[in-house]
There are 2 protein chains.
Amino acid sequence: MAETTKTEKLTGSAKVYKQLREDILRMDLAPGQPLDEVGLAERFSLSRSPIREALVKLAGEGLVHVLPNRSTIVSPINFQDLPRFLDTLDLLQRATHRLAAENRTEEELAEISAAREAFLEGSRESIATNNSVPHIERNYDFHMAIARACRNPYLIRYYGQLLDEAKRLGHMRFQFKSQTTDLKPEDLDAQHKQMVEAIARRDGAAIEELAHEHANLFRGQFMDYVMANHTQRVAVTY
Amino acid sequence: MAETTKTEKLTGSAKVYKQLREDILRMDLAPGQPLDEVGLAERFSLSRSPIREALVKLAGEGLVHVLPNRSTIVSPINFQDLPRFLDTLDLLQRATHRLAAENRTEEELAEISAAREAFLEGSRESIATNNSVPHIERNYDFHMAIARACRNPYLIRYYGQLLDEAKRLGHMRFQFKSQTTDLKPEDLDAQHKQMVEAIARRDGAAIEELAHEHANLFRGQFMDYVMANHTQRVAVTY
DNA sequence: AGACGACAAAATGTCGACAGTTTTGTGTAT
DNA sequence: ATACACAAAACTGTCGACATTTTGTCGTCT
């Protein structure tokens with residue numbers, strides 16, 4: 001509706017927080033990269049106080065790690081806990097999506113359906129421009145539109161945090177697989193379409209199964225990434 | 001081990017954070033109470049900077065609400081979302097406790113068993129001194145000892161956050177029911193004992209059912225509280 | 001040459017002060 | 001007496017400077 005511009009009387013630290021959050025989730029800031037307070041202060045033309053405030057907020061969400069008396073760094077991708085992350089994403093996706101199907105209103109159904117179409121378009125745009133952002137952002141929007149319909153603020157918050165981390169993982173995968181040949185938006189959209197249909201008929205059992213399959217698809221993409229031998233062409237004997 | 005005293009070279013804001021967190025979870029600070037920065041600065045003999053930092057951290061955990069350009073307040077108890085809170089507590093308790101039973105080590109089992117005994121003692125102390133803190137803290141410790149054994153850092157974090165809020169609810173219930181007549185530590189401990197036994201024999205299905213019953217017990221205590229007519233002795237006609 | 005220690009540089013942690021906004025209180029007009 | 005306008009007070013948001021801690025370097029000693 002309104003939202004004339006993106007700068008609508010935000011406080012300084014809020015702007016820094018929002019910008020850094022976006023940079024981190026889009027992997028424009030590399031995991032492990034140190035975030036110097038004076039450097040950020042210069043970049044944003046602000047004092048260190050609002051910078052610190054933004055960093056503390058980000059630390060609360062786990063997006064950055066504060067090393068006491070040392071530099072704050074962008075949270076590293078935790079490969080060690082990746083299986084547990086995927087387990088949790090699966091669990092909360094099943095829970096939110098099932099509850100959404102059972103409790104959704106007509107209005108929420110319409111929003112979910114619109115989010116599906118936006119995803120398909122964004123995914124095609126990503127292939128056309130070789131830019132992963134639209135694909136990943138619209139996918140996030142679609143699943144969050146479903147999650148919001150579950151009406152459980154606790155599940156929404158936790159699932160949203162996991163999806164945030166999933167954004168970083170998605171971008172990381174795209175960075176290494178620069179050619180987006182294996183991205184088939186129609187395949188993903190086929191699953192999304194089934195989800196919307198299940199939500200439309202309030203079929204909780206069906207969407208829980210679909211959510212599980214969808215999470216496993218994501219899991220498989222990542223196992224591919226982790227298993228891929230990125231050094232096979234490097235000779236170890238010479 | 002070490003831990004000579006509680007003040008072991010902590011930074012100022014960390015001390016404020018820790019203290020405020022404890023005060024909020026123990027309901028020494030009432031929900032909705034405004035937290036004035038200058039007042040807190042005087043109380044802790046610090047500047048406003050470390051105070052603000054602590055408040056921002058607490059806001060990230062949802063323990064306080066920051067009203068822009070207005071005073072920060074202790075997060076109100078959200079009665080409207082209480083059913084959803086209890087649903088989520090049930091779900092994550094089942095998940096963490098089942099995984100704990102299936103993945104625990106012998107060392108973790110011993111810690112859980114010790115936490116059970118500590119709870120029984122703390123609960124008796126609470127009755128003797130009419131102070132709810134030991135009962136609630138040792139109950140938290142017991143369930144977190146189980147949760148830690150599930151080895152999933154995401155579930156541990158989210159379940160821990162829910163248990164934090166459960167602490168506040170528990171203290172609130174005790175404050176209104178000043179007589180702790182209905183507190184039967186042996187009953188709760190009986191359930192705890194069954195849980196430990198299920199974990200000992202790695203019986204995931206059994207402990208999931210026990211966790212569900214346990215969550216329902218908590219739910220019932222709260223429904224009693226919510227349903228109780230606290231105004232029955234107040235005349236509305238005069 | 002390697003190890004230990006003092007010194008220097010840089011970053012974080014904290015402080016006191018100023019600016020902008022919201023709330024409170026007062027006075028006036030109706 | 002009530003409602004509105006304005007002023008004063010209180011509080012948050014931000015700033016620049018100082019204090020403390022850590023890190024890196026250099027020099028000396030073994």
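Here is the naming used below: chain letters follow the sequence lines, and residue numbers restart at 1 for every chain. Just so it is clear, the values below take in all heavy atoms, side chains as well, and ignore hydrogens, waters and symmetry mates. Note that the structure is predicted; figures quoted are calculated from it, not measured.
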From the options A/H65, A/E61, A/E165, select the one residue that forms a side-chain contact (heavy atoms from CB on, under 4.5 Å) with A/S75. A/H65
Out of B/H97, B/H135, B/H192, which one pairs with B/F142 under the ring pair (Phe, Tyr, Trp, His ring centres under 6.0 Å) rule? B/H192
Nearest to the side chain of B/R52 - D/dT12, C/dT14, C/dT12? D/dT12
Has the side chain of A/S49 got a donor or acceptor that lies under 3.5 Å from a partner of the other kind on the base of D/dC15? yes
State whether A/Y140 and A/K167 meet the cation-pi test: NZ (Lys) or CZ (Arg) under 6.0 Å from the six-membered ring centroid, and within 45° of the perpendicular axis. yes
Whole-Å distance, A/D36 CG to C/dG13 P, equals 12 Å
When rounded to whole Å, the OH to P distance for the pair A/Y17 and D/dG13 reads 16 Å
Gap between atoms CG and P, on B/N69 and D/dA10 respectively (whole Å): 18 Å
The residue, A/R70 or A/A14, whose nearest nucleotide of DNA chain D is more 5′ is A/A14
Check B/E53 with B/K57, please: is the shortest side-chain N to carboxylate O separation under 4.0 Å? no
Could you work out which one of D/dT12, D/dC15, C/dT14 sits closest to the side chain of A/L46? D/dC15
Rounded distance (Å) that lies between atom P of C/dC18 and atom CZ of B/R48: 14 Å
How close or far is atom P of C/dG13 from atom NZ of B/K57, stated in whole angstroms? 9 Å
Phosphate oxygens OP1/OP2 of D/dT12: is one of them under 4.0 Å from a side-chain N or O of B/S71? no
To the nearest angstrom, the CD-P distance between B/E42 and C/dC15 comes to 13 Å
Nearest to the side chain of A/S47 - C/dT12, D/dC11, D/dT14? D/dT14
Toward the 5' end of DNA chain C, which comes first, B/P68 or A/E37, by nearest nucleotide? A/E37
When you check the gap from the basic side-chain N to the acidic O, do B/D87 and A/R98 get nearer than 4.0 Å? no
Rounded to whole Å, please give me the gap between CZ in B/F44 and C1' in C/dT14. 16 Å
For A/L67 and C/dT12, give me the distance from atom CG to atom P, rounded to whole Å. 10 Å
